[in-house]
Amino acid sequence: MEGVLLRRAAELLGSARRVVVLTGAGISAESGVPTFRDGLTGLWARFDPQQLATAEAFHADPDLVWGWYEWRRARVSRAEPNPGHLAIATIQTRVPGSAVITQNVDDLHERAGARPVIHLHGSLFAPRCVAAAAHPAAVEETTDDELAQPDEGRRMPPPRCASCAAPVRPGVVWFGEALPEEALTAAVGAAAACDVLLAVGTSGVVYPAAEIPGIAARSGATVVQVNPQPTPLDQVCAVNLRGTAAQVLPALVTAAWGETDQ
Ligand code: BV8
């Protein structure tokens, strides 16, 4: 990593009044959570995630899709936040009023101490009734049996809603579905009001999330990207830090504020 670029980004971060951190699957890669680029394995290997993450797929084969989300929930429950997640939580304490916006459905930002976290695409830990989101759909604690999912995964019938017996679905935003209005409004507002936006571990191809760095840049903010690979977001970025989140973010925080107990 070029020291010059890291120092430039650190200066920007160190003097920022308002920071937005936008994350994608790359921030959780070093915690062992596969990205969407990694392609699916086991029972789901022959599927494209964008096919499976749809209402159509769930209605066509609920056991396959519910099994996939339970497999991912078990995987995330076994994972730990990495130094990238911890550094983002530190940024939020160092620059009060900063927003963490994630496309991820895992809870690793929260487990790293980040508060609040805006989830644009929902969560693996908020299943709800297919028929009526208002129906309470309790999440049973992840049992050891569930955690012990076979690596290749398995089909699992979705539980039934306690109120109307309709199937329970994962509390995530599927392709073709609208994002939660409150989360999207808060994210767009934070992007338009920040002076530095950090885009971490996202390929910048899924909309409307991929528009957020552009909204920040058009509102006068400086956009810094952390990603080992080039992405379509390179165009709106003033600084591209080509490296992994768990390596670059702690170094960035140290360069901006000196050694911290991250
Ligand atoms: C909607 C939850 C309409 C479920 C997800 C405009 C143009 C084109 C298409 C569209 C458009 N507007 C809408 C669309 C359609 C679609 C879309 O964007 N399609 C794309 C694919 C072309 N969007 C939608 O369908 C959205 N809904 O438009 O509804 C509507 C409106 C009103 C009323 C009714 C309907 C909904 C989109 C949300 C879908 N749900 N997730 C689940 O998780 O199962 S999206 C899901 O995929 C993730 O949440 C994430 O957003 C995306 C994956 O992207 P990334 O997170 O960036 O991850 P990826 O694997 O791609 O890349 C990882 C990156 O990390 C790489 O760059 C890699 O280099 C880097 N990396 C790897 N390791 C590391 C690293 N970086 C740092 N450190 C490392 N160690």
Looking at Val105, Val33, Val172, which hits side-chain contact (heavy atoms from CB on, under 4.5 Å) with Arg72?
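Among Val105, Val33, Val172, the one that satisfies the side-chain contact (heavy atoms from CB on, under 4.5 Å) with Arg72 is Val105.
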Grab the two heavy atoms, one from [X] and one from [Y], that are nearest each other, plus how far apart they are.
X: Pro158; Y: Asp63; result: CD-OD1, 3.5 Å
X: Val20; Y: Ala190; result: CG2-O, 3.5 Å
X: Gly204; Y: Pro232; result: O-CG, 4.1 Å
X: Phe125; Y: Ser77; result: CE2-OG, 3.9 Å
X: Val205; Y: Ala210; result: N-CB, 4.2 Å
X: Ala191; Y: Ile212; result: CB-CG2, 3.7 Å

From [atom1] ([X]) to [atom2] ([Y]), nearest 0.5 Å:
X: Thr244; Y: Asn227; atom1: OG1; atom2: CG; result: 10.0 Å
X: Leu124; Y: Tyr69; atom1: CG; atom2: OH; result: 8.0 Å
X: Ile118; Y: Leu179; atom1: CD1; atom2: CG; result: 11.5 Å
X: Trp71; Y: Met156; atom1: CH2; atom2: CE; result: 13.5 Å
X: Leu12; Y: Leu197; atom1: CG; atom2: CG; result: 12.0 Å
X: Leu198; Y: Leu249; atom1: CG; atom2: CG; result: 7.0 Å

Counting N and O atoms only, with roles assigned by atom type, does the side chain of [X] sit under 3.5 Å from a partner on the main chain of [Y], one being a donor and the other an acceptor?
X: Arg18; Y: Cys194; answer: no
X: Gln92; Y: Pro116; answer: yes
X: Arg111; Y: Ala79; answer: yes
X: Trp257; Y: Leu252; answer: no
X: Ser28; Y: Ala25; answer: no
X: Asn240; Y: Gln225; answer: no
X: Gln51; Y: Asp48; answer: yes
X: Thr90; Y: Leu86; answer: yes

Can you confirm whether the side chains of [X] and [Y] place a donor and an acceptor under 3.5 Å from each other?
X: Gln103; Y: Thr202; answer: yes
X: Thr102; Y: Thr23; answer: yes
X: His85; Y: Glu30; answer: no
X: Glu80; Y: Ser31; answer: no

Same cluster for [X] and [Y] if Ile/Leu/Val/Met/Phe/Trp/Tyr side chains link at under 4.5 Å?
X: Val19; Y: Val236; result: no
X: Leu241; Y: Leu233; result: no
X: Val21; Y: Leu13; result: yes

Might you work through the side chain to side chain contact (heavy atoms under 4.5 Å, CB included) test for Val196 and Val223, ending with a clear yes or no?
CA-CA 6 Å; Val196 172; Val223 180; over 6 Å; no
Passes side chain to side chain contact (heavy atoms under 4.5 Å, CB included), Phe36 versus Val206? Steps please.
CA-CA 11 Å; Phe36 277 67; Val206 171; over 6 Å; no
Verdict with reasoning, Ile101 to Leu120, per side chain to side chain contact (heavy atoms under 4.5 Å, CB included):
CA-CA 7 Å; Ile101 304 167; Leu120 290 176; 3.6 Å; yes
Does Phe58 have any ring pair (Phe, Tyr, Trp, His ring centres under 6.0 Å) partners at least two apart in sequence or in another chain, and if so, which?
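By the ring pair (Phe, Tyr, Trp, His ring centres under 6.0 Å) rule, Phe58 matches Trp174.
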Any carboxylate oxygen within less than 4.0 angstrom of a Lys/Arg side-chain nitrogen, looking at [X] and [Y]?
X: Arg169; Y: Glu177; result: yes
X: Asp234; Y: Arg242; result: yes
X: Asp195; Y: Arg17; result: yes
X: Arg155; Y: Asp61; result: yes

Pair Arg73, Asp106 - check side chain to side chain contact (heavy atoms under 4.5 Å, CB included), show working.
CA-CA 8 Å; Arg73 186 162 73 103; Asp106 65 46; over 6 Å; no
